[in-house]
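Here is the structure we will look at.
Ligands are counted one by one from 1 in listed order, and the atoms in each one are counted from 1 as well. These numbers come from a predicted model, not from an experiment.
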Amino acid sequence: MCGIVGYIGKEQAAPILLDGLDKLEYRGYDSAGIAVFDGETIQLAKARGRLKVLREMTHGGEMLPGTCGIGHTRWATHGIPSDTNAHPHFNGTESIAVVHNGIIENYLKIKKQLQEKGYEFVSETDTEVVAHLLDYYYKGNPLEAITRMMHRVEGSYALGIMFKEHPGKLYAVRKDSPLIVGRAQGGSLIASDVPAVLKYTRNVYFIQNEEIVCLEEDRLNFFNVDSDPIEKEPVTIQWDVSAAEKAGYEHFMLKEIYEQPKAVLDTLNPRIRDGKIEIEELGMTDEEIRSIRKIFIVACGSAYHTGVTAKYVFEGLARIPVEVDLASEFRYRNPILDEETMLIVVSQSGETADTLAALREAKMRGVRTLGIVNVVGSSIAREADNVMYTWAGPEIAVATTKAYSTQLIAEYLLAMKFAQVRGTVSQEEIDEMICDLKELPVHISMLLDHKEKLQRFANRYVAAKDIFFIGRGIDYAISLEGSLKLKEISYIHSEAYAAGELKHGTISLIEEGTLVAAVLTQEDLYKKMLSNVVEVKTRGAFLLAVTNAGNTEVEKAADYVIYIPKTNKYFTNSLAVIPLQLFGYYVALGKGCDVDKPRNLAKSVTVE
Ligand code: AGP
């Protein structure tokens with residue numbers, strides 16, 4: 001998704017803007033640009049392609065002198081990737097410059113109205129409408145122009161705005177797209193995300209919806225949509241810059257795969273105290289927990305896959321009906337919700353548009369909502385009634401791994417808490433499961449020690465055309481994630497199937513040598529799975545099996561077996577997913593793909 005940055009202070013702005021955009025590259029983009037006020041005019045440089053193009057074009061920013069500026073990396077939504085459509089965008093007299101992350105949903109209507117008043121547009125973007133609309137409302141007071149613009153536009157925006165007539169000020173405003181402000185020595189910054197400012201400051205303000213900030217070299221002023229001054233408190237960011245860097249790994253994705261033991265521990269530890277499950281942030285009394293009659297788990301992508309697992313865990317332990325929904329489906333299907341329903345939304349970024357919309361839909365209907373979110377202060381984290389943070393730390397690679405693993409932990413803990421309060425499991429069972437949870441980080445580390453074996457096996461499939469993943473129950477959920485990890489970074493076609501479903505169509509695709517990965521961690525389903533394994537084997541498949549240590553029976557049917565340490569049947573996803581993550585990573589690496597920034601994908605999909 002797009003990234004915005006801005007700086008005002010004593011230093012030259014351009015190098016700081018370029019550096020900030022570097023740190024936002026992970027959001028996915030196709031063009032970039034910066035604008036700097038040089039004391040007389042606002043100088044602009046923008047280009048399609050990677051940031052390198054912009055850096056070379058501006059000689060590292062030297063070509064744009066000045067101490068106030070804004071910058072942008074664009075992930076095209078309205079208008080093709082091009083120099084003209086790249087941000088920043090000007091009004092007609094080039095006295096106002098704007099960068100934008102989000103979508104102005106009524107931009108065509110406003111554009112037409114402005115064109116009828118004589119305004120001329122040069123780009124196909126929705127953002128340019130903001131620049132001209134600000135021009136239309138500007139009568140000398142930037143704040144007035146901004147608030148009037150806010151009352152006209154519909155949709156989502158995080159905006160950085162410069163007014164040539166107010167050189168000592170930089171403005172920013174947000175609605176539904178993330179925006180932070182950093183207060184550094186000798187200046188201040190705006191950005192879409194924390195990594196862009198960490199090099200300069202740890203003092204960060206999270207801008208809430210419809211809040212406006214005016215940055216000056218030595219002060220910050222915050223306002224609401226009525227132009228009333230408001231007070232805001234800074235948050236001190238605990239991350240180190242290194243935490244957002246690769247720490248010596250070749251890719252962020254491999255670094256984050258290896259951070260999983262710690263991420264799981266960090267998510268688990270604060271919620272298990274004296275052998276008890278403590279989830280204060282849930283904000284529910286035991287009575288309220290007992291009053292819940294149905295749970296919806298709603299998310300996208302890998303977060304959705306954790307929800308598929310959580311359904312089995314919640315229904316198995318707490319005996320509560322759970323419906324798992326893709327957020328993009330949930331929000332439009334007029335779901336049946338009532339006061340005894342609870343909605344859990346799961347999101348690493350906390351900014352996924354469909355998931356945020358599903359949350360708002362449920363809140364509008366009076367349903368209790370809980371967010372399982374990784375990014376502190378993100379929109380979903382703030383708008384859910386309660387938020388249970390996953391402590392995975394910054395996840396930069398587009399393909400999620402450690403955030404996925406911590407989402408599973410959060411869901412296991414929730415299911416155990418509900419089961420404990422509702423009396424559907426004994427304290428002895430809870431104690432056993434807590435022991436199993438505490439062993440997961442060690443077991444994950446053991447599996448990570450086999451990466452060379454996985455890499456050798458993966459190298460055999462870099463030329464594969466189709467790879468299938470099959471499983472039953474929780475193993476089906478694991479298959480969904482294994483398949484997505486592979487296809488999203490290696491671009492190899494892959495499908496996950498409920499193993500029993502294969503014979504209803506897809507088995508016709510199995511040819512001699514087709515790789516089928518079968519996940520067999522559910523002991524009560526071993527026999528059924530073995531018959532599915534034989535089905536595909538007899539049609540020529542090469543069978544990779546991921547199964548529990550000790551299940552050597554599988555070796556009679558499978559061509560290659562990966563064993564995972566024994567654990568509670570509800571927690572096997574946390575272990576079986578590790579070799580599948582490594583498999584996807586090494587196939588993509590072997591193909592020379594851009595593992596951290598796969599084509600067409602963005603780390604946070606903040607548009608529909
Ligand atoms: C998973 O590897 C993908 N990056 C994608 O499916 C992701 O899980 C999905 O877009 C949801 O993102 P979120 O967790 O930030 O809401």
Side-chain angles (χ1 to χ4, degrees), residues 1 26-28 75 176-178 192-193 251-254 256-257 260 263 267 297-310 324-331 343-360 370-381 383-384 387-390 392-408 410-411 469 477-478 480-491 494 496 573 577-578 580-585 587-588 593-608:
M1 198 42 228
Y26 71 84
R27 301 168 64 85
W75 189 59
D176 295 343
S177 289
S192 296
D193 198 357
H251 296 103
F252 279 113
M253 184 177 175
L254 191 61
E256 289 152 9
I257 286 174
Q260 291 182 110
T267 302
I297 301 178
V298 176
C300 300
S302 293
Y304 166 77
H305 298 157
T306 71
V308 179
T309 289
V324 192
D325 236 326
L326 289 168
S328 53
E329 290 296 308
F330 178 86
R331 63 185 291 201
L343 176 93
I344 300 174
V345 284
V346 186
S347 175
Q348 187 285 129
S349 63
E351 300 298 347
T352 299
D354 286 321
T355 310
L356 181 57
L359 169 64
R360 288 172 174 165
L370 173 73
I372 295 179
V373 181
N374 193 48
V375 176
V376 173
S378 58
S379 302
I380 291 173
E383 296 192 26
V387 60
M388 186 175 180
Y389 281 118
T390 51
E395 185 175 73
I396 307 299
V398 166
T400 183
T401 50
K402 62 176 182 174
Y404 172 90
S405 290
T406 56
Q407 289 163 357
L408 288 172
E411 289 156 337
F469 293 75
I478 299 169
L480 287 168
E481 180 60 10
S483 175
L484 177 60
K485 281 286 99 39
L486 172 77
K487 63 187 154 187
E488 70 175 322
I489 58 175
S490 73
Y491 316 144
S494 174
N573 190 337
V577 78
I578 302 301
L580 300 183
Q581 290 170 345
L582 289 170
F583 176 69
Y585 172 79
V587 170
C593 295
D594 186 347
V595 172
D596 284 335
K597 296 191 284 294
R599 67 186 182 200
N600 308 339
L601 290 175
K603 182 59 183 171
S604 174
V605 184
T606 56
V607 293
E608 282 196 46

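For E395, the side chain to side chain donor-acceptor pair (under 3.5 Å) test picks out T400, K603, with sequence neighbours left out. Residues that satisfy the side chain to side chain contact (heavy atoms under 4.5 Å, CB included) test with V387, not counting sequence neighbours, are V373, A381, Y389. By the side chain to side chain donor-acceptor pair (under 3.5 Å) test, T355 pairs with no residue at all, sequence neighbours left out.
Q581 and E481 share no donor-acceptor pair across their side chains, judged by distance under 3.5 Å alone. In summary, the side chains of E351 and S604 do not present any donor paired with an acceptor at a separation below 3.5 Å, with no hydrogens or angles considered. Checking K402 against T390 by side-chain atom types alone, no donor-acceptor pair falls below 3.5 Å.
For ligand 1, the protein residues placed under 4.0 Å by at least one non-hydrogen atom are C300, G301, S302, A303, S347, Q348, S349, T352, V398, A399, T400, L484, K485, E488.
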